Each structure stands twice: as structure tokens, then as C-alpha cells.
Amino acid sequence: MNRYNFKSIETKWQNYWEKNKSFKVKTNPSQKKFYCLEMFPYPSGKIHMGHVRNYTIGDVLARYKSLQGYNVLHPMGWDSFGMPAENAAKQNNLDPKKWTEINISNMKTQLKKLGLSIDWDREISTCSKEYYKHQQAFFLELFEKKLVYRKENYVNWDPVDETVLANEQVIDGRGWRSGAIVERKKLNQWFFNISKFSQELLDGLEKLNNWPNKVKTMQKNWIGKSFGCEIDFKIEGELPIKNIKCFTTRPDTLFGFSFLALSVDHEVSKFFKDNKDFINFKEECSKTGTTEEAIAVGEKIGFKTNLLAVNPLNPKQKVPVYFANFVLMDYGFGAVFGCPAHDQRDFDFAKKYDLKIKTVVRPYDENENFEVRDEAYPGPGVMINSDFLNDLKVPDDSILETIKILEKRKLGKKQINFRLKDWGVSRQRYWGCPIPIAYDDQGKAYPIPKSMLPVELPENIDLNVKGNPLDNQKNWREIILAGKKLTRETDTLDTFVCSSWYYLRFCSPTETKYGFKKEDINYWMPVDQYIGGVEHAILHLLYSRFFMHALSYDDKDFNILEPFNGLFTQGMVCHETYKDPDNNWVSPDEIENIDGKKFLKKDKSKLISVGPSESMSKSKKNTIDPENIINNYGADAARLFILSDSPPEKDIQWSEEGIASSYKFIQKLWNLNKKIVDEINKDHNSNNDDELKKYTNKYLKKIHDNLESFSYNKIVANLYEMYSFLNKQIEKPYTKRTILENYQKILITMTPVVPHFANECLSTIQAKNFKWPEYDKSMLKEEIVNIVIQINGRKRGLIQSKPDMTEEKLFEIIKNDEKIMKYFDQKNIKKKIYIKDKLLNIII
Ligand code: ANZ
């Protein structure tokens, strides 16, 4: 038996690559560069299938580009600050640094077992001071450019993790990591001025042609540009308030105005600060989260003032002014004019407080008497009940026309608003990058001089305290700067800051003076292909884009606005889910298949029900450990399977049968390899070599096309086809030279997918210093083509001919073909549609 011993062969090649530094980055100036980057992992302890998929896809590309002669940068590092380390360390009384280092070492060993073509000499870890030192310098650089500032602000407070979350980190009103319901709290925070670049970040999307549209749309929505106008409302009442400004996208609905609503933090609130009822109301409001989703789904509540707001287009109309929980302070002016008939929030509010609901837009298919009843009508149509605005088309004409009128009467003006808010980066956590700032007694902030960086995190400290452990580090906190006694900032930076620039560091991983070297950046950036999960479509990708804008801002020497030229988002790895009769999740390795259908728990105690396939997650226990897979089937089989099942952008279904059949296929390829080597040794005399050459060239073209279009699953299918062909045909008497030449080309195309196996086979035929094989176009021509003949679109015959036949010649042949001619009379022909070498459709 010619068994393929994957264990010893994979180990052999991995050792070989390591010893020879086979993947060391080359910077040969005569060659083009290719920067291939996969999102770097958080060192949680073990790699999971998502990593296997992400890094296999990246590795296929990196190996392909490298064989094509590019200088390839394919690095790996660790996103190693963050809460899990702190929490795990707390639980087990460990040092987060130790915990992280052990995890990194384990995961690195695992990644190496996958046979990835990574230059490990460029490895970086964001929790190392060699890395965060530069991050602190960037912070100070942005501080100097006034792109970083501090302000007191309402924040999303995660009561479980006891930390602040960015809006992006609040999902359905809950903390993205803890799942706790997020509260509102006022704190002094550091912010990156990302909103300064709203328009640029939006415009930049237009040029990202190699990004998935869905990601661009998500970013566009997040940036949220709104066109509308600001309106100045006259206020009447006993308070010294004369005007309130509102931002609206629907000024055309002014005749449906029924109340004016303010955020509880609107400046008008200062007149109510001693009002008990208002204090209670405000308290009640703080229970709704700060995010828009939380507000949209939450109950709308209000507090009525005795102020009245005047309708600018109809001064006789005066409506009550409320404070309301659905008005955000940090959007527009923190004030909204309510039009219940055409906005659902306003509708809910009006219903609750029994306010007037006046319809001012009718849908096209309704008449003048249309009235909004059960829900608001926000759609298009025609203006009604609106005096001089009547009959205007909604929304296009009505909005522009109203703005024109308001501007003319000096009651308002056109305005553009962005949803994108500044990025709050302060975290009340130990395991993060210290913010290089200190304060005097008055709270004035002083940057730590760059010469004193890094501000190192103190080590071996007590983590089992409430809140931020750094607050207890008296010695660390006290610092003397220019003779002044100051206290250090104890907040650390959001870990998303670390991942906003790591791709720059990979270009100059050992540079000590600055985060990168200019020449390196100019050569390698932007990243040619970035690969990762779609879950980072907004947060990480937008922050990285901001970072590049911020570094380029006011800098003559640095001008790269977009970090990632190409983006590919891979799908999830899914697996069936299992439950026992008590509704507990059961993991795949705890169960046994009985008769192909039924599943039992391995100890035979319980019958297991099989649920739908879902993306692998610890909570549903449907994970498969990549390490076991690699040990039992080998890295090549794992790589092959993870690519085979579906296109890389779609979800894949992991199954035991699937991985087993990939394993078997590699065994078969190994047997084929032996057969081919035997044939080579026979050294036939042949005049039929063209057949093999033609096949190989066709195969090469398919592989090339599929690689270029990220259709990696089709490459696996190409390998299966190639196997069937060679297995049948190789015993034909081809010459030694032809077999060697063509088989070598085929093997080279296999190296990106199954690198250990393909390299082993290449070494058995003594192939050295190989390059990516280009196909020969002249070899692709078919000798005989089959042309389908249709009459009025129905197939009526098939003609075999040499390629490139003209329509006239083909028609001459048809005229002599009785079987086809019986379907029509030449005199009735209206038109002929000819697709060369494929089809002739005769319309009669
Ligand atoms: C009156 C109106 C009538 C509105 C109507 C909508 C429909 P986008 O498109 O997201 O920009 N708004 C303005 N400032 C707000 C704030 N601070 N908090 C909550 N809501 C606020 O949304 C703009 C609309 O959101 C504005 O247009 C305003 O309500 C509301 F039939 O004004 B509209």
C-alpha cells in the first residue's frame, strides 16, 4: 500500500520552511509588491475554525502571488490587549501579560501547523511596549493636530464590564461583549475627532472598487449623511427663551406640526434643574439606552413645559413644548419638531399625550380626504392641507421648495448633518494602552513628552478591585513634569485603536524611532488584499480609514487616505447543532450516529435531537477544534475541505464526512503521483503528446481564472476533474519530457491549496525554483466545436465543425442537412442570430 503519511510529510515541510526562512519577505526592487493581510487574531487561547478559514484563504492568495513573482508581505500578529485577558487573569489569579503570552505561544504553534506562508520575523503584539509606545506617540501627534480632545459626555456604560462602550459596540441596547443592558452615564472622556472627516470618509468609499458593496453600504449608512434644514422656532412663555433651533429632513411637513420636543440635556433644561418632577423624569429617561435602536424600540415618554412654539409658516398656530426621551442631544440641535402623521416616533408620542395628528401628505393612490390613522405615513405622495405647499410632489419638490421659502423669509436654512459621532476611546480598564496624559490639580491635561514614552503599564498589580485597577496605583500615577506634580490618566485606550494602524507596523516591525519607516510605507501600502469577517464592516474598517485620514491630515510627508485597496469578507463556518432531551446543547464529539439517522450520546444515555446548522459558537457547543482535525486528517485535508464546500464569501457547512473525503482525496492524489512517476520512468515514444499539453493548458486557465476571481471552491473542483483525467489518461504513451513538464505545472498550481502535499510531489520529480505556470493561449483552441442549431429558439440539430466557421459557410452545411431543413422553408427566414462556435438561431 502506498499510504500518504501526512504527519511526517507535513512536519518535514514545516521544518524545512522554518529553517530556510522560505517566507521571508523579499523587497527586490525590480519586482512588484503584494501586501496580503488577514485580520489578526485576539489571543484567546486556541485557534478556531473561523481562523482556519480566514488564514487559509489568505494563504492561498499569498502563495499564488509569490509564485507569480511578486514580493509578498504576508505577516501575522496579535491583537493582544483587551478584556478577556483581564477577566481570565482575575478569575485565575494570574498576570494578564503571562496569560496572553502563553496563549500567543500556543496559537502560534497551531497556526504553524496549518502550513501558512507567514514571515514570522515580522510578528507583532499590540500589548508589547515596542508596539504601544508608537501608539502613544500617534495619540500625541493627533493631540497636537487637535484631532484628539477631552469632554464631559454621556456615555454608554456597561454595568457588568464596568466600562464605556462606543456606539458601535452597543448592539440592540446591550454591550457587545457582556450582553448587559447599557446605561447612560456622564464622564470625562477622550475622543478622536472622526466626525471631522465624515464627508471624506463617505467620498472615499466611491473609490474602493475592490470592496464588497454591502460593506460600503453599511459604512455609508453609519456615516449617515442627511440633507435637510435648520428651522428657527419662536418660543412664547414665562421663561427667558425666545428661539429654539431644530434640524429636520422634512421641513415640508411643517403644516402638520403638533409639538416641539427637546432632549433632557437641551440648554432649556437648566430652568428645570430644581424641578422635582423634571428630575424624576430625567432619571426615568436615563434608563433608555443612548443608541438609536434602544430609543426607537423603547417607550416614548415626555415632560410638558408651559412654553409654546410658533409654527414659522403659520404664526397663528402655537404648540406645546415637551422634553422627550427620544430626542438625542448629540444629533442636530437636540430638538425636534413633531409631525405625528408622518413620523412614527412622533406618532407614538402624540398618541400617548393626546396631541393633534394632522395629515399633510397623501400617497399617490389616495384622495384629498386621506387621513393617517393607525400608523404614521412617511412615504412619497402629494402635499395636502398645507396652504401654499399643496400639490407639491413629496419628497423631491416639497422639501426643496419649503427650504427655499424658509430661506427667503429668513426662518431657516439648508443644512447637511452626519450621524457619525466622534469616537470615544477612553476605557476604565487595566489591560490596554495607557493614555500618555497627566493632569494638574485643576484637571488641566498635559501631554507626556514623547521622549518619555512609552508610558508603561505597571505589572503584577492587584486586579481584584471594582472599577479600574490603575486608579489604585498611587506610585505609578504620581509624576513630576517640568517641576509640576501631576497625576497620570488612568483610562486606557479602546483596543480598536491598536488595530487601527497595525497594518502600518507590519511594514517596519522593528523600527524604533516612529511607528513605521516612510520608505517602507511608500513601498508596501496600501494593503492590496485585506481578508476578514464582515462583523468588522463598520467598527474596525472605519476606524482604520479614519486613522489614515488623521495621519495624513496636515502632513506633507504622509498622504495615504485609504489603508485597504481590496477587501474580501469571508463567510462563517457552520455546523449542525445538537440537544439532549433536557434542552441542553451537546457538542459534536459527545455524540454517536446510530443508523445514519439517529444520534445518541456516546454513553448511550440519551437520544439527541439534531438542530439546524449554525455558525460555530461556544454557546451552542457546535464547535470543532481545528487542532484535532489537523492531528487526525492533516493540515492539507483541512485546507482543502475549508475551501471546497462553498464560495469563500458564503457560509460553509462543516461535516465529518466532508473532511474525511478531503482526506481520502489526498490519498488518491498520492497514488496518482506514484502512477505518474512510474509512467515517467517508462519514457515512451509518442506522437500524441499534444493531448496532454492541451489538457494542461485548459486546466491552467481555469485555475488562473478561479484564483483571480476568489472562486476558491471551484479550484477544488478543478483538482477533482484533473484527478479523473490524469488517472484515466496517464497510461497513454506520452514522452517522459511531456509528462514531467505538464505534471510539474499541475503540481505547482496545487501548492497554494495543499502546500505540503504538492511540495512533496514536486520534490519527488526533482522540481526546483519553480514559478507560477502561465497557460499557452494557442493551446486552448478546440479542434472540433459543436454548434447548436435552433429554429425559433428550439434545438433542431447539432453540427460538428472546425472552429471559426463563418455564418454563410455554416448555412451552406445546414442546407444539405435534411433533418434540420424539414423544420423550415428558406423563404420564411426573418433573421439569423449566430454566436460563433456555439449557436445559430434561425427565426422564421
Ligand atoms: C420633523 C419631521 C417630520 C422629521 C417628519 C421627520 C419626519 P435623519 O434622517 O436621521 O437625519 N431629529 C432631528 N434631530 C434629532 C435629535 N436630536 N434626536 C432625535 N431625532 C432628531 O433624521 C432627521 C430627522 O430626525 C429630523 O426630521 C427630525 O425629525 C429628527 F415627518 O423633523 B424630522
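Both counts, for ligands and for their atoms, begin at 1 and track the order of listing. Here, residue 1 is the first one in the sequence, and each next residue gets the next number. The shown structure was predicted, so the numbers you read here are calculated from the model rather than taken from an experiment. For the numbers below, each heavy atom of this structure counts, side chains included, while hydrogens, waters and symmetry mates do not.
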Flag this pair as yes if the NZ/CZ of Lys151 is under 6.0 angstrom from the six-membered ring centre of Phe191 and inside a 45 degree cone about the axis; otherwise no.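 Yes, Lys151 and Phe191 form such a contact.
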
Lys444 to Tyr446, cation-pi by 6.0 Å centre distance and 45° axis angle: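 Relative to the ring axis of Tyr446, which defines the angle, Lys444 lies inside both limits.
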
N-O pairing of Arg184 and Asp265 below 4.0 Å =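 Salt bridge: yes.
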
With a cut-off of 4.0 Å, which atoms of ligand 1 are near a heavy atom of [X]?
X	answer
Arg419	8 (P), 10 (O), 11 (O)
Thr253	3 (C), 5 (C), 31 (F)
Val327	16 (C), 17 (N), 18 (N), 19 (C)
Phe337	1 (C), 32 (O)
Gly334	17 (N)

Close aromatic pair by centroid cut-off 6.0 Å: [X] and [Y]:
X	Y	result
Phe272	Phe281	no
Tyr503	Tyr530	no
Phe349	Tyr322	yes
Phe547	Tyr502	no

Can you tell me which residue and heavy atom of the protein come closest to [atom], and the distance to 0.1 Å?
atom	answer
atom 5 (C) of ligand 1	Arg250 CB, 3.7 Å
atom 24 (C) of ligand 1	Thr249 OG1, 3.8 Å
atom 30 (C) of ligand 1	Arg345 NH2, 3.5 Å
atom 12 (N) of ligand 1	Val336 CG2, 3.7 Å

Qualifying residue for side chain to side chain contact (heavy atoms under 4.5 Å, CB included) with Val497, from Phe192, Phe81, Phe138 |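 With Val497 as partner, side chain to side chain contact (heavy atoms under 4.5 Å, CB included) holds for just one option, Phe192.
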
Within-cut-off N or O pair, [X] and ligand 1, under 3.5 Å:
X	answer
His342	no
Asp343	no
Leu328	yes
Asp346	no

Best match, [options]: closest heavy atom to [atom]:
atom	options	value
atom 9 (O) of ligand 1	Cys339, Gly224, Pro340, Ser226	Ser226
atom 11 (O) of ligand 1	Tyr331, Phe347, Phe333	Tyr331
atom 4 (C) of ligand 1	Val360, Val361, Thr248, Leu254	Thr248
atom 26 (C) of ligand 1	Phe257, Tyr377, Phe227, Phe247	Phe247

Would you call [X] a ligand 1 contact, heavy-atom distance under 4.0 Å?
X	answer
Asn417	no
Met329	no
Phe326	yes

Exercise for the section: Look at the aromatic rings of Phe337 and Phe233 and report parallel, tilted or perpendicular, splitting at 30° and 60°. Expected result: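 Aromatic pair Phe337/Phe233 classed tilted.
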
Side chains of Ser195 and Asp422, donor plus acceptor under 3.5 Å: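 Indeed, the side chains of Ser195 and Asp422 share at least one donor-acceptor pair under 3.5 Å.
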
Nearest 0.5 Å, please: how far is CD1 in Ile531 from CG in Leu37?
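Between Leu37 CG and Ile531 CD1, I get 8.5 Å after rounding to 0.5 Å.
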
- [ ] Any chance you could lay out the side-chain hydrogen bond (donor to acceptor under 3.5 Å, both in side chains) test for Glu489 and Trp190, step after step, and finish with the verdict?
- [x] CA-CA 10 Å; Glu489 170 64 86; Trp190 285 97; 2.8 Å; yes

